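Any value given below was found using the heavy atoms of this structure, including those in side chains, with hydrogens, waters and symmetry copies removed. Just so it is clear, the model here is predicted, and its values are computed rather than measured. Residue numbers begin at 1 in each chain, while the letters A, B, ... track the order of the sequences.
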Amino acid sequence: MKILEVRDLEKSFGGVKAVDRISFHIEEGEVFSVIGPNGAGKTTMFNLITGLYRPDNGRIIFLNNDITKTPTYMLIHFGIARTFQNMRLFSNLTVLENVMSSLLSKKTYNLFSAVFRTKRYATSEKTAEEKARGFIDFFGLSGKEDYTASSLSYGEQRRLELARALSTQPRLLLIDEPGAGMNPKEISDLAETIKTIRQRYSVTIAIIEHQMNLVMNISDRIMVMDFGEKIMEGTPQEVKKDKRVIEAYLGEEME
Amino acid sequence: MRFFSESRIFLVVSVSLYLVMKALFAFDIISPYIQQICLYAVIVALTAIGLNVIYGYTGQFSLGHAAFYGIGAYASAYLTKILAIEGVLPFIPVLVFCGVVSGIMGYLIGIPILRLRDDFLAIATLGFGTLVRVFLDNSDKFAESLGGSRGFVGIPRITNLELVFFFLVFVVIITRNLIHSRYGLFWRCIKDDELAATSVGINTTHMKLMAFTYGCILAGIGGALYANLYSFLHPSNFDILRSIDFLIIVIIGGMGSIMGTIYASIIWVGFIEGLRIVLPAQVLDLRWVVIPLLLIALMIWRPYGLMTKRRR
């Protein structure tokens, strides 16, 4: 079943076509990777899907709903969560508050309950906290609940961002360059984490990544982009052998 | 319902403080002039808490807080005068109403301007503040009794110790409950990173508007209490300089600290009014040399405010 379908998506900035008529779909349950050189338009495409940019043309369909014009904050309630290339944690908030922010953004209790501290307030806060602690534990951050996010190490911050995105139990998780700035050991840990997440939370994963060994290891299908265009799409084996991909990454052969 | 939970210590302290003040007032230990200053300090605290929600917690820089304070003040002055209200009890609905009027104004102004950020928002709120000031200066053209630039005279004197204490306690508890709820969390998320807040599912436009409206409601109530304390209003009491006073209080008290704001209000009012008593008249204007120097020193040594500890 198609969980996400993108049709003829287009976005220009000034004269530059950042995303040029791209169409693809993501099957439920798979790990779908997007690769391509810097400036190929991968992050722009994620931003279009999550509503941070409005496309000039094209449609985005998520589980039979047209979400092309859906505001960003609604997407998490549809079941789409994301992480950012250069991490966007609430750096002055604690680890627990970071995870709880996304959990409580669902309609849990209203203003009246908040002011008068009704039972509804107490139970909602308590379930959210328990759930948040579960995710913090799963991502190996237990014991650091009350630390501010900025005091965590780089790897821990990456994991916290994943915990925050996953805590709402999305159907589709968009991960933007999770391996950036990680060493080989951390990369292989990350690959394990992504595999576990996929099984344990039965979530579909779309991922932008530069680290080839990570992409080849975890992906079911890969889409390759260059200069805003889709060059090809296929299994890791197909992508490895494709001449156009090699050209995009290594440059053309000199005659 | 646990409305008062987590606020027990605060309640005990404020009730005992009230009793002490009441005794001081009743036995005329302090002069009526100083009594008035005490009440004024509480009113300032209440209004500054409103700005703390807007700026300290939600990070929306407002230079127009005094305008909403002024709207509440003029609304209350006008209503109490034409309705000839004199007692405390009939005054309470007027106070609430003036808060709501300010809140509605804040809401309407907030819709277009809260999409702006930082310095742009500061300019927009400054513009609104100036607009209100100019309107008040010319208000006698709309209704003679508003007084325009001559000032609004003959407002019934109703505000008393019980009233300001009751409202302060009430507002502090509501604010604290809000801050410790999901709404407070969302406000702090927005201050920290608005884009991230949107992507975790927070309707940032809605939440910013809510914080701004709430802050303006408090300003309106503060203004109404002020109008009926001094029985005289002048547009110059509600201009940009007054907005900056509130901003300074929020910063001295520590952004995002309710108790800090209360202490800072008392220190601020005590300092300005206190120096007026201590210093001889010829050197009174030296206040405006001493105070800025102290502010500079504060910003160098305690940039997060007097009450907030340095962050980890």
Side-chain angles (χ1 to χ4, degrees), chain A residues 46-47 50-52 71-84 87-94 96-122 124-125 128 146-151 161 164-165 167-168 170 174, chain B residues 1-8 53 56-59 103 115 170-211 213-214 217 254-257 304 308-312:
Chain A
F46 265 29
N47 288 345
T50 52
L52 291 177
T72 307
Y73 75 90
M74 296 274 291
L75 288 174
I76 219 148
H77 311 301
F78 274 90
I80 302 180
R82 74 170 291 178
T83 70
F84 289 88
M87 284 190 290
R88 283 190 168 264
L89 290 168
F90 302 117
S91 44
N92 293 316
L93 270 56
T94 66
L96 186 65
E97 286 170 335
N98 263 280
V99 181
M100 282 181 73
S101 63
S102 62
L103 282 168
L104 288 172
S105 73
K106 294 193 172 171
K107 285 198 173 57
T108 39
Y109 57 86
N110 60 17
L111 197 56
F112 179 84
S113 302
V115 171
F116 294 101
R117 298 269 166 110
T118 59
K119 202 161 189 172
R120 178 108 194 250
Y121 160 87
S124 309
E125 284 277 333
D146 295 326
Y147 285 43
T148 54
S150 58
S151 69
E161 206 190 13
R164 188 180 68 184
S167 65
T168 53
L174 305 170
Chain B
M1 295 226 290
R2 295 161 66 231
F3 181 68
F4 294 110
S5 61
E6 291 178 44
S7 302
R8 284 188 204 97
V53 169
Y57 286 99
T58 319
R115 64 187 67 200
F170 197 63
V171 158
V172 167
I173 294 175
I174 290 182
T175 310
R176 186 182 276 195
N177 286 356
L178 277 175
I179 293 302
H180 291 172
S181 75
R182 60 197 281 255
Y183 300 98
L185 180 62
F186 296 163
W187 291 342
R188 289 188 296 137
C189 287
I190 290 170
K191 183 186 178 189
D192 210 295
D193 188 335
E194 201 173 325
L195 187 79
T198 321
S199 58
V200 299
I202 298 168
N203 185 346
T204 50
T205 320
H206 197 79
M207 284 301 138
K208 283 194 289 185
L209 209 50
M210 186 174 149
T213 309
Y214 179 67
I217 291 176
M255 308 240 285
S257 159
Y304 296 116
T308 322
K309 289 196 193 92
R310 207 169 277 271
R311 299 199 182 142
R312 257 183 299 194

Query raised in the report: Short question: side chain of R82(A), backbone of S199(B) - any donor-acceptor pair under 3.5 Å?
Result: no
Query raised in the report: For A81(A), is it the side chain, the backbone, both or neither that has a heavy atom under 4.5 Å from a heavy atom of chain B?
Result: neither
Report summary line: Applying a strict 4.5 Å limit to non-hydrogen atoms, the region of I76(A) in contact with chain B is side chain
**Report entry** Spacing of CG belonging to L89(A) relative to SG belonging to C189(B), to within rounding of 0.5 Å
**Finding:** 11.0 Å
Query raised in the report: Is the number of heavy atoms from other residues, nucleotides or ligands within 6.0 Å of NE2 (H206(B)) greater than 12?
Result: no
Query raised in the report: Got a donor-acceptor contact below 3.5 angstrom from the R182(B) side chain to the Y121(A) backbone?
Result: no
Query raised in the report: Out of N177(B), I202(B), I174(B), which one racks up the most heavy-atom pairs below 4.5 Å with chain A?
Result: N177(B)
Requested in this report: With sequence neighbours left out, write down each residue that passes salt bridge (Lys or Arg N to Asp or Glu O under 4.0 Å) with D192(B), or none if nothing qualifies.
Outcome: none
Query raised in the report: Is L111(A) close to M210(B) at the side-chain level, that is, under 4.5 Å between some pair of heavy atoms?
Result: yes
Query - Which portion of L93(A) sits near chain B, non-hydrogen atoms under 4.5 angstrom - result: both
Query - Contact class of S113(A) relative to chain B, heavy atoms under 4.5 angstrom - result: neither
Query raised in the report: Can R188(B) be said to sit on top of F90(A)'s aromatic six-ring, NZ or CZ under 6.0 Å from centre and within 45° of the ring axis?
Result: no
Report summary line: Counting heavy-atom pairs under 4.5 Å with chain A, the top scorer among T204(B), N203(B), T205(B), L185(B) is N203(B)
Query - R88(A): which of L195(B), V200(B), T198(B) passes side chain to side chain contact (heavy atoms under 4.5 Å, CB included) - result: L195(B)
Query raised in the report: Taking only residues two or more places apart in sequence, or in another chain, which ones meet E125(A) in a salt bridge (Lys or Arg N to Asp or Glu O under 4.0 Å)?
Result: none
Report task. Go through the atoms of T50(A) and report whether side chain, backbone, both or neither lie under 4.5 Å from a heavy atom of chain B. Result -> neither
Query - Which atoms of F84(A) approach chain B - backbone, side chain, both or neither, heavy atom under 4.5 Å - result: side chain
Query raised in the report: Between the main-chain N or O of V115(A) and the side-chain N or O of Y183(B), is there a donor-acceptor pair closer than 3.5 Å?
Result: no
Query raised in the report: In terms of heavy-atom proximity below 4.5 Å to chain B, should T168(A) be classed as side chain, backbone, both, or neither?
Result: neither
Report summary line: Smallest heavy-atom separation, S105(A) atom then G201(B) atom, equals CB-O, 3.5 Å
